[in-house]
Amino acid sequence: MIKAANRIASVEEYYFSRKLAEVRGLDSPELRVINLGIGSPDQAPSANAVEALIASAKNPANHGYQNYKGIPQFRKAIADFYQNIYKVKLDVETGILPLMGSKEGIMHIAMAFVNEGEEVLIPNPGYPTYSSVANLVGAKLRPYDLKEELNWGVDIEALKKSDLSKVKLMWVNFPHMPTGRTASREELKELVDLARKHQFLIVNDNPYSMILNDEPMSILSIEGAEEVALELNSLSKSHNMAGWRLGWVAGKKEYIDAVLKVKSNMDSGMFLGLQHAAAEALKNGAEWFTALNKMYGERKQAAKKILDVLGCTYAAKQSGLFVWAKAPNHIADVEKWIDEILYGTKVFITPGFIFGEAGRRYIRISLCCTVEMLSEAFNRIQRFNAEKATSSKTSTVNA
Ligand SMILES: Cc1ncc(COP(=O)(O)O)c(C=O)c1O
């Protein structure tokens with residue numbers, strides 16, 4: 001038996017990779033599993049994107065290795081998107097690096113910038129990959145709490161008072177997953193100023209900016225950000241292309257070059273057909289996002305009904321693909337409660353602990369499920385609650 005490398009001991013298999021196997025195992029033709037767990041859009045990308053992929057794939061000349069930096073047409077489409085949506089001017093030649101989703105960039109950025117023992121600021125609660133990757137590169141994790149009292153904002157004053165001298169990288173993620181919190185320009189400016197003062201890299205992971213969000217924002221639009229910031233972005237959520245693995249990192253040339261040094265040693269460019277399709281998808285205008293957000297808005301209403309019947313509380317305004325909610329006080333162990341619901345109703349909801357200690361009392365419902373399925377989940381949970389109430393009455397009577 002060959003022993004795995006020590007660094008493997010510092011990470012666990014991704015929660016969803018384990019849990020969803022169990023969830024799938026519960027599926028049966030009599031009662032289908034309703035998965036309200038993962039944020040994988042269930043709708044098709046725009047027709048122009050799919051057609052561009054097909055047309056490109058039909059061309060025999062399009063199947064070779066590609067340039068590590070992607071084709072100019074794709075980079076130009078990203079630059080246009082940044083200009084139109086965030087009013088940010090990116091350098092098409094040097095300021096954009098296509099990635100296989102923003103998740104990939106989390107690893108590449110950590111590899112490119114963080115030395116062993118250096119500190120990485122990680123939001124708690126937050127996307128679990130930030131911590132896993134920090135562990136894999138031997139960094140010291142510095143979770144920073146997002147406080148419910150601050151409507152899940154960063155406690156910037158607390159950060160300012162702490163020793164930031166060994167921090168090399170700070171992950172921020174606005175709109176934030178899982179809480180749905182957006183950041184104001186002032187908050188982002190304060191964070192950028194902190195990064196400048198203490199000379200660490202600040203990276204905004206920004207895949208949710210187009211979902212249920214009135215003011216899409218890029219950290220690169222903040223004055224002075226270019227000096228210290230990178231931004232990850234992706235077509236996974238905004239363009240229903242999660243499985244296509246299309247994203248990018250944007251920022252100044254020197255930082256992009258450092259990421260490219262890592263990435264060009266790990267893969268050999270992105271399939272040309274995907275790049276053609278991505279460039280097409282990025283042309284989708286306001287009507288695409290209006291329709292998308294109308295759909296998610298309707299789903300959110302249905303998701304809130306589930307949260308109400310569960311006795312959860314939640315903030316009215318949340319951006320992104322999820323609704324984040326606090327479990328009722330009488331629930332002692334939220335993870336166990338989620339499992340009870342899963343085994344009793346075959347509805348899977350994400351327990352908040354997977355996003356860090358600060359998420360322990362919370363749950364997250366994904367909007368990547370039709371209103372019909374959300375309503376069916378509501379009915380099952382309502383029935384389950386009623387049966388539980390009856391059986392607890394019966395057992396009291398029998399006692
Ligand atoms: C905060 C956050 N960052 C990154 C990702 C990964 O997205 P992508 O599909 O672009 O890799 C996700 C996906 O769920 C996410 O929630």
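Whatever order the structure lists ligands and atoms in, that order sets their numbers, starting from 1. As a basis for the values below, the full set of heavy atoms in this structure was taken, side chains included, without hydrogen atoms, waters or symmetry mates. If you're wondering where the values come from, they're calculated on a predicted model, not measured in any experiment.
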Q) If you count the atoms of ligand 1 from 1 in the order shown, which ones are under 4.0 Å from a heavy atom of Lys103? A) 6 (C), 8 (P), 11 (O)
Q.
Taking 4.0 angstrom as the limit and counting only heavy atoms of Tyr130, give me the atoms of ligand 1 inside it, by number and element.
A.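 With Tyr130 as reference, the close atoms of ligand 1 come out as 1 (C).
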Q: Could you establish whether Arg245 and ligand 1 come within less than 4.0 Å of each other, counting only heavy atoms on the residue side?
A: yes
Q) Is it the side chain, the backbone, both or neither of Lys237 that has a heavy atom closer than 4.0 Å to ligand 1? A)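 Only the side chain of Lys237 comes within reach of ligand 1.
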Q. For ligand 1, which part of Ser236 has a heavy atom less than 4.0 Å away: the side chain, the backbone, both, or neither?
A. side chain
**Q.** ILVMFWY cluster, Val92 and Leu235 together (side-chain gap under 4.5 Å)
**A.** no
Q: Check whether more than 12 heavy atoms from other residues, nucleotides or ligands sit under 6.0 Å from atom CD of Glu226, and answer yes or no.
A: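 It does not: Glu226 CD has 12 such atoms or fewer within range.
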(Q) Less than 4.0 angstrom from a charged side-chain N to a carboxylate O is my criterion; do Lys19 and Asp339 meet it? (A) yes
In the protein, what heavy atom is nearest to [atom], and what distance, to one decimal place, separates them?
atom: atom 7 (O) of ligand 1; result: Ser102 OG, 3.3 Å
atom: atom 15 (C) of ligand 1; result: Tyr208 OH, 3.5 Å
atom: atom 6 (C) of ligand 1; result: Tyr127 OH, 3.4 Å

Q: Measure across Leu367 and Ala303 and return the closest heavy-atom pair with its distance rounded to 0.1 Å.
A: CD2-CB, 3.8 Å
Q. Considering all heavy atoms of both residues, which atom of Ile349 and which atom of Ile381 are nearest to each other, and what is their separation?
A.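 So the two residues come closest at CD1-CD1, 4.4 Å.
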Q. Quick check, are the ring centers of His108 and Phe113 under 6.0 angstrom apart?
A. no
Q: Answer yes or no: is there a donor N or O on one side and an acceptor on the other, between the side chain of Arg361 and the main chain of Ile331, under 3.5 Å?
A: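 At least one qualifying donor-acceptor pair exists.
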(Q) Is it the case that ligand 1 has an N or O less than 3.5 angstrom from some N or O of Ser234? (A)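 N/O-N/O distance under 3.5 Å: yes.
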(Q) For atom 2 (C) of ligand 1, which of the options Asn233, Asp205, Asn206, Asn173 provides the nearest non-hydrogen atom? (A) Asp205
